[in-house]
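One structure is given below, encoded as structure tokens.
Residue numbering restarts at 1 for every chain, and letters A, B, ... go by the order of the sequence lines. Just so we're clear, the structure is a prediction, and the values are computed from it rather than from any experiment.
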Amino acid sequence: EAQVTQNPRYLITVTGKKLTVTCSQNMNHEYMSWYRQDPGLGLRQIYYSMNVEVTDKGDVPEGYKVSRKEKRNFPLILESPSPNQTSLYFCASSLNSGGTQYFGPGTRLTVL
Amino acid sequence: AQSVTQLDSQVPVFEEAPVELRCNYSSSVSVYLFWYVQYPNQGLQLLLKYLSGSTLVKGINGFEAEFNKSQTSFHLRKPSVHISDTAEYFCAVSVGDDKIIFGKGTRLHILP
């Protein structure tokens, strides 16, 4: 089954404790992206990747890092999480930026 | 800078009535346009997209949208809504730098 998986689905952590949210897709897509969803703000793109070893900043990259060492994986790293990063995070993949994006189920992160 | 404006944050409509959800964008270059739907407690899925060609685009679940270049709009319509259409709808734009920008979303409430 074609899908995008994210782990963990739920995470409660404390300020400053490094964490990684994993994202994996099995559709051989080149384009992958991370978003955060906040009430009243819609989805905002954090980082995107056009292909392996090619990443670029979206609209809200501050406080986040990503890497794309393999085509299928695109982890999101929070080196020092802060409470304003409490949000619902979605990973998505598509053939390219003009293609249909397939979204993962979301990761609800709470930073205390 | 490119932006997407969804003019209504919430739209109440009676069951079996028609609905239009409005989306305007600003961009000086050619864009790809999308509508995504998010059902309660789920991820996003594609309703329809415009890449090129016919300006009237048909999507899933009876939805359609019309691309109007002169008005920079991409409004979503359905002639008769059902209770199962209750969801949040997001308009999105992909521009030349491969970023994807989402609107803030419109919550569609179906009234019995």
What part of [X] gets within 4.5 angstrom of chain A, counting heavy atoms only: side chain, backbone, both, or neither?
X	answer
B:L51	side chain
B:Q6	neither
B:Y32	side chain

Please determine whether residues [X] and [Y] belong to a single hydrophobic cluster, defined as Ile, Leu, Val, Met, Phe, Trp and Tyr linked transitively by side-chain heavy-atom distances below 4.5 Å.
X	Y	answer
A:Y47	A:L19	yes
B:I110	B:L21	yes
B:I83	B:L108	yes
B:F67	B:I60	yes
B:W35	B:I101	yes

Is the [atom1] atom of [X] crowded by more than 12 outside heavy atoms at less than 6.0 Å?
X	atom1	result
A:R44	CZ	yes
B:F14	CZ	no
A:I12	CD1	no
B:E15	CD	yes

Find the distance between [atom1] ([X]) and [atom2] ([Y]) and round it off to the nearest 0.5 Å.
X	Y	atom1	atom2	result
B:L47	A:T100	CG	OG1	11.0 Å
A:L43	B:K104	CG	NZ	13.0 Å
B:K99	A:Y48	NZ	OH	6.0 Å
B:L44	A:Y35	CG	OH	9.5 Å

Please name all residues satisfying side-chain hydrogen bond (donor to acceptor under 3.5 Å, both in side chains) with A:Y31, sequence neighbours left out, ordered by chain then number.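 Applying side-chain hydrogen bond (donor to acceptor under 3.5 Å, both in side chains) to A:Y31 gives A:Q45.
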Just to be sure I understand the criterion: a residue of residues 62-92 of chain A counts if one of its heavy atoms is under 4.5 Å from a heavy atom of chain B. Which ones qualify?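 Contacts with chain B: A:F90.
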Measure A:Q37 against the heavy atoms of chain B and call it side chain, backbone, both or neither at under 4.5 Å.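 Contact with chain B: side chain only.
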As a quick check of understanding, evaluate side chain to side chain contact (heavy atoms under 4.5 Å, CB included) for A:Q101 and B:F34, giving each step before the final call. CA-CA 10 Å; A:Q101 289 199 89; B:F34 307 84; over 6 Å; no
Exam field: side chain A:S97 to backbone B:S94, donor-acceptor pair closer than 3.5 Å: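 Checked: no pair found.
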